[in-house]
Amino acid sequence: MHYSRMLIPTLKEDPAEAEVVSHKLMLRAGMIRKLAAGIYSYLPLAKRTFNKVEQIIREEMNRAGAQEVTLPSVQPSDIWQESGRWDIYGKELLRFKDRNDRDFCLGPTHEEVITDLVRREIKSYRQLPLILYQIQTKFRDEIRPRFGLMRGREFTMKDAYSFDIDEGGAEESYNQMFQAYNQIFERCGLEFRAVEADSGAIGGSFSHEFMVMADSGESAIVSCYSCNYAANLEKAEAKHSNPNFQEKESALAKEFQKVHTPDRKTVEDVTCFLKVSPKDLVKTLIYETDKGAVAVLVRGDHEVNEIKVKNLLDCSYLNLAQDERIMEITRAPIGFAGPVGLKTRIVADNAVSEMSNFITGGNEKDTHLINVNLRDFRVDTFADLRVVTKDDLCPRCNGKLRFSRGIEVGHVFKLGTKYSETLGATFLDANGREQSIVMGCYGIGVGRTVAAAIEQNHDENGIIFPIPIAPFLVSILPININQKEVKDASEDIYLSLSERGYDVLFDDREESPGIKFKDADLIGIPIRLTISSRTLKNGMVELKLRKTGEVIMVKKEDVVAEVGRHLNGE
RNA sequence: CGGGACAUGGCUCAGCCCGGUAGAGCACUGCGUUCGGGACGCAGGGGUCGGGGGUUCAAAUCCCCCUGUCCCGACCA
């Protein structure tokens, strides 16, 4: 392509509206333009990169036996009513009426549509398993769209759905998709990790998020230095080191006593005042849930993991209780709650079971208890209820844990029969019995993958595209296109590279060299060939690698071979 | 939904406090000179100052309402 003919409106300055680096760079590189909050136009450069990512996705999905379809983005309310999500989904679901006053929505996801399709067409176990996928625009009316393509309202997503006759089959489909996802992100040239994710009410380990590692990522990840364990921070298990601790220590237990702790409400206040470590204290947090009030106990230096509490209690609503409620339950103002004498249900983190002679709130204003022991109160359940810390070891292999951040670009999880049951997607098994199809669903955010690639691969000069998803592989940059020998040589090289099938951007603009250099760096093309009379008189052209900055002088005749060598990663 | 900020030419921003009829840099057009890291000269074009209302002889500037955008939080997968 000739640069002069392409729409690549680069920006010299950072746009005021962008905060994160991928957003800034995509705007500056002329890849995207905003139409409304969270809604973007994709310009030619972005479209090229999207196409490359989508092509990789298609190849890997097809290889895994999935078949591509396109489902409607405008969906009637009927199927959403049927699945029960019309009422549950809330304002994120953009609803509207057609001319006949019938309710419709813009599809934020396609479980309903695909399940409807499959229930009509699949009748027999002989037709299963089946995996269908599409690459399509989704719309979610996010409360707060932000960070450019990272969290838009309209976005491109690959979503796949698997249909199997039983759990075993579903597991197999899941594994196939899991493998395909590894291939996809590998091929995109990204540093990523599949992490175990919270699968909520569905349970089991059948949910993984694919995270592109980046410090700017929205999700916290815990991974093991020694083995391949990796999990979402909210899912990561805290290893319970010594379950038999209590019996050994109980002999040394002292009698608890009240101490006066005026206005010492926080862990920090109390530990400073009593000159002890947070590890000697038990925090008592009162939560309000749809199943009544609950006291959650964790060690003073630990944080409650609300997701774990939610899963343990199997409740849908969980929130810290308001001041008045705490007063009601503990008979003390906030900051002095403790388990001793508490009437509500008490659940405690495993670490608490290893403590003795600890400090708790006294359920009385300005009062704490010291030398409290487990025998002094009743715990209904001990469980893993806290957020993993840097002191924890890998729950699988006892290795050291690494804390990092990532951008969620893919999510695979087993749906089970949730939708097939509510929508009646059934088949007849070999014995002629009617069964619900077992489903799985698998998403990849295409735009988010591109944004994540940029978050992970950039420098102060701009984007550094991984070769597999670069909009162009080579840019040809003539220093002064008005000099005949420069122009001829540039065109020559352009033609021979193009003939080889490489995507080449020929910067034929009559701009000063500085502008061309800056633009080439900004849009992140992996290889740059600089053509100037200076080197040409020795029969050479300059090849520069965007990623390393390495400059190599190459004989004009060898350019094609040399470019090929670098693109093949040699 | 709660809190905060912003809205002036295509972009980045000044002007607003203290009212007097709109500016800079970049970008753009033409001509000429230049050509290895965002060149130079000359000559140009382009703005309902987000929208509506009010105060005033006079509003980008002061007051009220609305809309949009961004940030933090809550929310969500």
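Sequence lines set the chain letters: A, B, ... in the order given, protein chains first and strands last, and positions in each chain run from 1.
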For this session: Could you pull out all residues at least two apart from A:Thr137 that satisfy side-chain contact (heavy atoms from CB on, under 4.5 Å)?
Result: A:Glu154

Exercise. Is the base of B:G37 touched by the side chain of A:Lys544 through a donor-acceptor pair closer than 3.5 angstrom?
Worked result: yes

For this session: Searching all strands shown, indicate the nucleotide that pairs with B:G73 (Watson-Crick or G-U wobble; both distances under 3.5 Å).
Result: B:C1

Seminar exercise, completed: Nearest-nucleotide check on RNA chain B, A:Arg153 vs A:Glu209; residue mapping nearer the 5' end is A:Arg153

For this session: Tell me what A:Glu234 touches on the nucleic acid: a base, only sugar-phosphate, or nothing, going by heavy atoms under 4.0 Å.
Result: base

For this session: Determine, for A:Asp141 against A:Arg153, whether the closest basic-nitrogen to carboxylate-oxygen distance falls under 4.0 angstrom.
Result: yes

For this session: Tell whether A:Glu511 reaches the base of B:G38 with its side chain through a donor-acceptor pair below 3.5 angstrom.
Result: no

What protein N or O atoms touch nucleotides 39-46 of chain B N or O atoms at under 3.5 angstrom, if any, and at what distances?
from  : atom 1 : to       : atom 2 : distance (Å)
B:A39 : OP2    : A:Ser512 : OG     : 3.4

Exercise. Can you check the A:His23 NE2 to B:C71 C1' distance for me, whole Å?
Worked result: 13 Å

Exercise. With a 4.0 Å cut-off on heavy atoms, is A:Thr10 in touch with a base, just the backbone sugar-phosphate, or nothing at all?
Worked result: nothing

Problem set entry | Side-chain donor/acceptor of A:Arg28 to base of B:G38, under 3.5 Å | yes

Exercise. Below 6.0 angstrom between ring centroids: does that apply to A:His2 and A:Phe506?
Worked result: yes

For this session: Hey, which sits more toward the 5' end of RNA chain B by its nearest nucleotide, A:Lys91 or A:Thr535?
Result: A:Lys91

Exercise. Whole-Å distance between B:U69 P and A:Lys34 NZ?
Worked result: 6 Å

Exercise. Checking all strands, does A:Pro9 fall into the base, sugar-phosphate, or nothing category for heavy-atom contacts under 4.0 angstrom?
Worked result: nothing

Exercise. A:Lys414 versus A:Glu167: any side-chain heavy-atom pair under 4.5 Å?
Worked result: yes

For this session: Please evaluate the base of B:G37 for a donor-acceptor partner in the side chain of A:Arg528 within a cut-off of under 3.5 Å?
Result: yes

